[in-house]
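Written out below as structure tokens is the structure these notes cover.
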Amino acid sequence: MHTNSNKIDFAGTRKRYLQLGRSAVSIIKGKIEDQELFSQTDVIVNTTNAQLDLGNAGQCSKVISTAGGSSIQAECKLNYPRPLTLGDVAVTTSGDLKSSKVFHVYLPKWKQKGDEQNLETTVTACLEQMEMLSLKSIAFPALGTHCLNYCPYKVINALFDAVEDYNNKHSTTVVENITCVIFQEQMYQTFVSEAKKRSRLLAGNQKIQASGGTKYLNTNIQILVGDLVLQQADVLVYSSPHNMKLITGTGLSTEILKSAGSDIQDELNRMYNEVVECGTFAVTDGYNLRCSKVYHGYLPSFYGRNKRPERVLSTFVSKCLNKANEHKAKSVVFSALGSGMLRYPNDVAASAVIKGIQAFLSCTWTCSSIDNIKIVVYGGDSNHSKIEKTYHSELATINSVKGINLKDTLNQPIPRRGTKEYFYFKYNEDPRPPTNWSFFKSFRTIKDWSKERRSTDPPKKVQIDKDTFESIKQLFMKTIKNPSAKIKSITRNENLNLYLKYFQRCQELYRKAIVNGPCKPLAKPVLTMENLNCQMRRVLERDINEVYLFHGTKQDRVKVLLRNGFDERLASMNFRTLRLGNGTYTAEEASLSAHYTEKQGVRTMFLVRACLGDVFRTKDDQTLLKRPPCKKMCKKICTKHDEFFDSVLGEFCPREFVVYEKAQCYPEYVIKYTL
């Protein structure tokens, strides 16, 4: 990654402004529909409404529709009958425009902090679409700055971040030229100013020297010699003054203030008028720094009142990483905490920081969003070479740090998904709670957790986090097909004994995958999986077709199902005829499962985990089924062959999914609602 070596023309007429990997980003003053300006551009991006009604959307959509002609709108209606959602890209030809294609995207209105991520999602989706179509050049408008209330400063930095991140992940990308087209003068100057800052920072980052690192579980840990304020990351962590007055601190806190701007101190003043507790931290935006968030930590000095300051430091590091994981950060950069005015011995500080990192990764190794952790030793410190050497030595022994109870398999790199090595790994894995559970955490095995519980203890009913709640709510409301539906609550059922049986059934499917390879995915994706957020999808195992599905039930059966699970043998007792025989029926649409709940009052529906494995598809009723058909396709119940499908998909309208073993479904989420 480097800045362009040619002289930069800030007048906006250059075709290459800033080099980010293989992609050159330029900022040009002009109109998005300018024919001469973009005659050599493959793609023009159009921000529009979800319904792709170009004439009734924003200014960008209107001018592209007018300049391109009616064929663009006609193509939208023909090929995209369903509304767009964030991250969708509708591709049409360009009509009378001189570009090859138009990418139509839907961008929600900015409402609160964090919505800036919508911009990066949109840009990344466009770049991925270009990769699929082997297109080289694309022109973006000033996304969301007109009627959608996005801050111009955030827009241009989101564009830069998305392009840089995409190039880091796709080093051989075909995308060569990315143009941002700005019509309004003041906004153009803002974009140019941010591009200049980015250019200087990229040049500064080249001077930072990497001094060794390692990979622990799924995360790269690296030691750098350089300057913290020049780092690009999702989160920066440092030790601040206890009163959060940055100007009164050491050199690093004043540099944070100088580089970020006065807004960062204003935010601290609004949140923290009093001294915060030792070992905690305040969270602010990054403002002009190259990060999304800054964690301002208050740490004890080594020779202060705290008897075990190294424990406070280690716990502080783990807390910061947990918070960064909640923020869905991918990269976190720490200063060399404990050095300088806090007067920690180098080996004590390095050991505490590395222990804190390892403790976090050991507990969240399968659900952490954090790919990279860096520790930056300030190069201007006369003692920096000794600090660097100490961290390097500590990092070399990371797999033997005392106090972390891990199986040997956890200390080995996890094989790549879809490989036979991965199937062996999953088949031999110790049963653990899912990584998204919050009471029974995944850092201990189910066997270890069970030692502390009696067989008569009820399962845990757990309140879920906001992101999970919103994801399930959105899925439910989209598929219930009843505008009067109202969710009363969503809780998670954490039942160790029941999940253990489900886990072991999944391992049986992995044993089959070792021989036969991964299960064949469904030709038409499961609707629930398309509408859940990536955090929920990520905890599922796609190699065995594990999915979330709905299951409706009566209120008097809820407690029994949460404790004992489903029983396919009882299905025929509840219904005279079953289209796919005796099994546990689930659906991808809440509207179908709602038929099996109460007719009035508060109703209950489960969102279940189901490992579908190899799926038998049928459009006909198969009322005699008691288990899935054999793979030789015997017409009657087979007693001759060994290979069977694992589940049945009734391709009715709507579709139904059936499993015939109770352990193959786990009732994880309980949705209470009214109509």
Side-chain angles (χ1 to χ4, degrees), residues 1 157 161 164 197-198 200-213 220-241 244-265 267-268 281-299 313 316-317 319-321 323-324 327 329-344 346 349-350 352-354 356-357 370 372-388 390-392 395:
M1 189 165 49
N157 279 289
D161 288 341
E164 187 170 345
K197 289 180 184 178
R198 182 68 61 121
R200 289 194 298 268
L201 287 169
L202 289 176
N205 280 345
Q206 291 179 29
K207 300 175 184 178
I208 295 177
Q209 176 187 1
S211 62
N220 294 308
I221 308 171
Q222 193 173 24
I223 313 300
L224 302 178
V225 177
D227 193 340
L228 185 76
V229 297
L230 293 179
Q231 287 297 305
Q232 177 178 348
D234 294 321
V235 174
L236 295 186
V237 183
Y238 78 107
S239 175
S240 109
M244 297 295 157
K245 303 296 183 184
L246 304 188
I247 196 65
T248 65
T250 59
L252 182 53
S253 66
T254 56
E255 282 299 313
I256 293 282
L257 176 61
K258 180 180 177 181
S259 299
S262 60
D263 288 343
I264 200 168
Q265 183 64 69
E267 186 175 354
L268 283 172
F281 54 93
V283 180
T284 68
D285 285 344
Y287 296 99
N288 295 331
L289 290 166
R290 295 286 293 111
C291 64
S292 298
K293 299 288 182 183
V294 180
Y295 295 175
H296 310 260
Y298 170 29
L299 291 169
L313 175 55
F316 169 81
V317 170
K319 287 180 178 178
C320 288
L321 291 170
K323 178 60 71 173
H327 287 150
K330 293 184 177 180
S331 55
V332 180
V333 178
F334 291 90
S335 65
L337 298 168
S339 59
M341 295 296 291
L342 296 180
R343 301 174 66 189
Y344 284 68
N346 292 339
V353 171
I354 297 301
I357 293 172
I370 301 173
N372 292 284
I373 298 173
K374 296 179 182 179
I375 301 165
V376 177
V377 179
Y378 179 48
D381 189 333
S382 59
N383 198 33
H384 80 267
S385 60
K386 293 181 180 179
I387 300 173
E388 170 195 356
T390 305
Y391 269 102
H392 188 64
L395 196 59

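The structure displayed is predicted, hence computed values, not measured ones. In what follows, every heavy atom counts, from backbone to side chain, and hydrogens, waters and symmetry copies are set aside.
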Gap separating the [atom1] atom of [X] from the [atom2] atom of [Y], nearest 0.5 angstrom:
| X | Y | atom1 | atom2 | answer |
| --- | --- | --- | --- | --- |
| Thr284 | Leu236 | OG1 | CG | 9.5 Å |
| Leu228 | Leu230 | CG | CG | 9.0 Å |
| Ile256 | Asn288 | CD1 | CG | 12.0 Å |
| Ile221 | Ile354 | CD1 | CD1 | 6.0 Å |
| Leu246 | Ser262 | CG | OG | 11.0 Å |
| Lys258 | Ile247 | NZ | CD1 | 10.5 Å |

If you take all heavy atoms of [X] and [Y], which pair is closest and at what distance?
| X | Y | value |
| --- | --- | --- |
| Ser335 | Ser239 | OG-N, 4.2 Å |
| Asp285 | Glu267 | N-OE1, 3.3 Å |
| Gln232 | Glu164 | OE1-OE2, 2.5 Å |
| Ala349 | Gly338 | CB-CA, 4.4 Å |
| Ser339 | Ile387 | CB-CD1, 4.0 Å |
| Phe334 | Cys320 | CE2-CB, 4.2 Å |

Below 4.5 Å, heavy atoms only, C-beta onward: do [X] and [Y] meet side chain to side chain?
| X | Y | result |
| --- | --- | --- |
| Asp161 | Arg290 | yes |
| Leu321 | Ile373 | yes |
| Tyr391 | Val353 | yes |
| Ile375 | Ile357 | yes |
| Tyr378 | Leu252 | no |
| His296 | Leu268 | yes |

Counting N and O atoms only, with roles assigned by atom type, does the side chain of [X] sit under 3.5 Å from a partner on the main chain of [Y], one being a donor and the other an acceptor?
| X | Y | value |
| --- | --- | --- |
| Glu388 | Ile223 | no |
| Gln231 | Leu289 | no |
| Asn372 | Ser331 | no |

- prompt: For the residue pair Phe281 and Tyr295, does the interplanar ring angle fall in the parallel (under 30°), tilted (30 to 60°) or perpendicular (over 60°) class?
  reply: parallel
